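Notes for the one structure printed next.
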Amino acid sequence: MVRNGRGINLVFILLLGALLVMVWTSSLNQVQDNYTEGALRQDLEEGLVTGAVIGQNPETPTGSVTVSLSDGRSRTAYVTDVEDAITLLGQYEIDPLVRDVPQESWFMNDMLPVLVMGAVFMIFFFMMMNAQNAGAGASGNKMMNFGKSRARMSTGKDNRITLKDVAGLKEEKEDLEEIIDFLREPSKYTKVGARIPKGVLLEGPPGTGKTLLAKAIAGEANVPFFSISGSDFVEMFVGVGASRVRDLFEDAKKNSPCIVFIDEIDAVARRRGTGMGGGHDEREQTLNQLLVEMDGFGVNEGIIVLAATNRVDILDPAILRPGRFDRKIAVGTPDVGGREDILKLHARNKPLAEDVDLKQVAQTTAGFTGADLENLLNEAAILAAGANRAYISQEDIRKAFVKVGIGTEKKSRIITDKEKKITAFHEAGHAILFHVLPDVGPVYTVSIIPTGSGAAGYTMPLPERDEMFLTRGRMEQEIMVSLGGRIAEQLIFDDITTGASSDIKKATKMARMMVARFGMSENIGVVCYDDDDDEVFIGRDLAHARAHSEMISGEIDKEVKRIIDSCYERATELIRENMEALHKCAELLLKKERINRAEFEALFEDEKPFFENI
């Protein structure tokens, strides 16, 4: 491509040079000799003229007289009448040579300049197109290949990521290793009548490692690997996406057995007939072509379609059936053991201090994905570099955790003593309930330093284990903890602030889920009234009918309020019984601004637990 572009550039330069030469020659021809008819008469009288040539113009009787002088020079005089010039020369016995009237060349005068300019324009156009294609890559946005596939083909040599570089996804890796083994030794499976899966769908929240798994497969499998994004198929022109799908599978057939990876497939495989006006013609035609290529009348032997999405709920049912995506692999958030393995993996090239406990970090980061954990260690490394240290300490990881999860602490913000005191009692109220309630907590850090998210402080628990599901008691205790800050404000200052707005929102959401989704209300019953489809299509949302009556809606609201009020009363009772610890915690926060678990639990050393008060 580069060599061809250089050749076009050379031709363009040569044509441009030829055009400049033509213009320059034409300009030279138009330069007139300042030899006048009077100077000609004087040279004739002095006998200096030895010969003459008469040149006639097409516009008669004008012309030119070119005379040869005795000193060897030639001079040209332009006359208005060549007959008068011939008569004048005859008077001095000069027999002139008369040339024929020159005939105009239509091609040279009119056509050739147009052709040269057209050639220059076309070469310039192709140069621009060549530069665009070179900038977009070998498989990029080529103007002449608008309907061609944009998939990038690679082999194991092009990708150094393998399954060893993927941590925390043991079962998911085992499922994919079967496919890799099938590609390497297909006879082992065909002996027992097994066929290669046509499609594998990786589904899970963002950041859990779906694309990383696809890269690892590309590094492990010794077969061609085509990678493309779902958005690369969709264009504003109807039919382009379908053409790209056909071209992609044509290339895959030529290189089978192979793997075709479509990242974010929900961009092209979204459910048909949705949205305002009934859908999107271009996307639906692209999806139809994809359905046909994956499992239609045509046979695509040896092609495995690997796709990733975090919105499997919006995919078209036709593409989810066996025969298209035979295997669905759920890539979820890792458990505490998986998080520890991921942290060890990302800490391989990072020097850690002796006080760093990755197991404790894994316990603290419940709910973090692999991308979150990588970002956590990267932020900790940045903090260590900013402090001019060659290693990462546990304090760096703690600060990075606060920065990633809550926001950067803003120690420079000016806060009045009254606001600081309110915040101290507010966070102490949360921390007290985290400590005394058996199914939440324990407390990891309590701070009254404002953060970037707008919070005046924060209370961070340390989950001791990952929960597969929530019990009703656990959810009620979560609501109580959320209300602890507002209750402390009410008891201490006999007033309330807006600081508990997010806590109230969180408690209300959880209470509504208990009633409407999980059937945890005796008054409402074991019925799901929650629309858990999470409508993402405006067309469906506008025409969507509520699944319950207005009376049931009122009953749900009453039950949500009853749960909130009950939790509020129980939490108030617990805080009243721990009023001494509440004041001690607030005083310590006002003094140190941030306290850890050991400092907080020391406040309860001389007191009895209050589990029986729940």
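None of the values given here were measured: they were computed from a predicted structure.
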Check for a donor-acceptor pair, side chain of [X] on one end and backbone N or O of [Y] on the other, with a separation under 3.5 Å.
{"X": "Arg271", "Y": "Asp313", "answer": "yes"}
{"X": "Asn288", "Y": "Glu284", "answer": "yes"}
{"X": "Arg339", "Y": "Ala362", "answer": "yes"}
{"X": "Thr508", "Y": "Ile504", "answer": "yes"}
{"X": "Lys254", "Y": "Glu250", "answer": "no"}
{"X": "Thr369", "Y": "Gly207", "answer": "yes"}
{"X": "Arg348", "Y": "Leu345", "answer": "yes"}

Are the side chains of [X] and [Y] in touch, meaning some heavy atoms are under 4.5 Å apart?
{"X": "Asn310", "Y": "Pro205", "answer": "no"}
{"X": "Cys258", "Y": "Phe226", "answer": "yes"}
{"X": "Tyr529", "Y": "Ile552", "answer": "yes"}
{"X": "Ile329", "Y": "Leu201", "answer": "no"}
{"X": "Pro461", "Y": "Tyr444", "answer": "no"}
{"X": "Leu248", "Y": "Val260", "answer": "yes"}
{"X": "Leu358", "Y": "Leu352", "answer": "yes"}
{"X": "Thr286", "Y": "Arg244", "answer": "no"}

Exercise. In chain order, what residues pass the ring-ring contact (aromatic ring centres under 6.0 Å, His included) check against Phe401, with sequence neighbours excluded?
Worked result: Phe368
For this session: State whether the number of non-hydrogen atoms from other residues, nucleotides or ligands found under 6.0 Å of Lys328 atom NZ is greater than 12.
Result: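 Result for NZ/Lys328: enclosed.
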Closest heavy-atom contact between [X] and [Y]?
{"X": "Ala511", "Y": "Ile563", "value": "CB-CG2, 4.2 Å"}
{"X": "Pro197", "Y": "Ile304", "value": "O-CG1, 3.5 Å"}
{"X": "Val166", "Y": "Ala216", "value": "CG2-CB, 3.9 Å"}
{"X": "Ile397", "Y": "Val361", "value": "CG2-CG2, 3.8 Å"}
{"X": "Arg324", "Y": "Met294", "value": "O-CE, 3.1 Å"}
{"X": "Lys198", "Y": "Asp326", "value": "N-OD2, 2.7 Å"}

How many angstroms lie between atom [atom1] of [X] and atom [atom2] of [Y], to the nearest 0.5 angstrom?
{"X": "Met480", "Y": "Ile564", "atom1": "CE", "atom2": "CD1", "result": "11.5 Å"}
{"X": "Glu185", "Y": "Asp181", "atom1": "CD", "atom2": "CG", "result": "5.5 Å"}
{"X": "Leu343", "Y": "Gln360", "atom1": "CG", "atom2": "CD", "result": "10.5 Å"}
{"X": "Ile524", "Y": "Met514", "atom1": "CD1", "atom2": "CE", "result": "12.5 Å"}
{"X": "Ile265", "Y": "Leu290", "atom1": "CD1", "atom2": "CG", "result": "5.5 Å"}
{"X": "Leu213", "Y": "Thr211", "atom1": "CG", "atom2": "OG1", "result": "9.0 Å"}

Test of understanding: with side-chain hydrogen bond (donor to acceptor under 3.5 Å, both in side chains), list the residues that count as partners of [X], not counting sequence neighbours.
{"X": "Asp341", "answer": "none"}
{"X": "Arg474", "answer": "Glu478"}
{"X": "Asn375", "answer": "none"}
{"X": "Glu476", "answer": "Arg570"}

[X] bridged to [Y] by N-O distance under 4.0 Å:
{"X": "Asp263", "Y": "Lys215", "result": "no"}
{"X": "Glu340", "Y": "Lys344", "result": "yes"}
{"X": "Arg398", "Y": "Asp396", "result": "no"}
{"X": "Lys561", "Y": "Asp557", "result": "no"}
{"X": "Lys210", "Y": "Glu203", "result": "no"}

Pair [X]-[Y], side-chain donor/acceptor within less than 3.5 Å:
{"X": "His430", "Y": "Asp503", "answer": "yes"}
{"X": "Ser521", "Y": "Glu559", "answer": "yes"}
{"X": "Glu293", "Y": "Gln289", "answer": "yes"}

For this session: Please report the C-alpha distance between Arg327 and Glu178 in whole Å, then the side-chain angles of each, then the deciding distance to 0.1 Å, and finally whether the salt bridge (Lys or Arg N to Asp or Glu O under 4.0 Å) criterion is met.
Result: CA-CA 11 Å; Arg327 183 173 295 183; Glu178 292 179 3; 3.1 Å; yes
For this session: Under the side-chain contact (heavy atoms from CB on, under 4.5 Å) rule, what do Arg270 and Asp316 come out as? Steps first, then yes or no, please.
Result: CA-CA 5 Å; Arg270 185 170 293 188; Asp316 193 90; over 6 Å; no
For this session: I would like to know whether Phe249 and Val305 meet side-chain contact (heavy atoms from CB on, under 4.5 Å); could you show each step before the answer?
Result: CA-CA 10 Å; Phe249 279 86; Val305 179; 4.0 Å; yes
Exercise. Which residue pairs pass the ring-ring contact (aromatic ring centres under 6.0 Å, His included) test when at least one of the two sits in residues 184-223, sequence neighbours left out?
Worked result: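 For residues 184-223, and leaving out neighbouring residues, the ring-ring contact (aromatic ring centres under 6.0 Å, His included) pairs sorted by first residue read Phe182-Tyr189.
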For this session: Show your working on side-chain contact (heavy atoms from CB on, under 4.5 Å) between Ile259 and Ile303 and close with a plain yes or no.
Result: CA-CA 6 Å; Ile259 297 175; Ile303 300 176; over 6 Å; no
Problem set entry | Working for side-chain contact (heavy atoms from CB on, under 4.5 Å), residues Asp372 and Thr333 | CA-CA 10 Å; Asp372 295 329; Thr333 54; over 6 Å; no
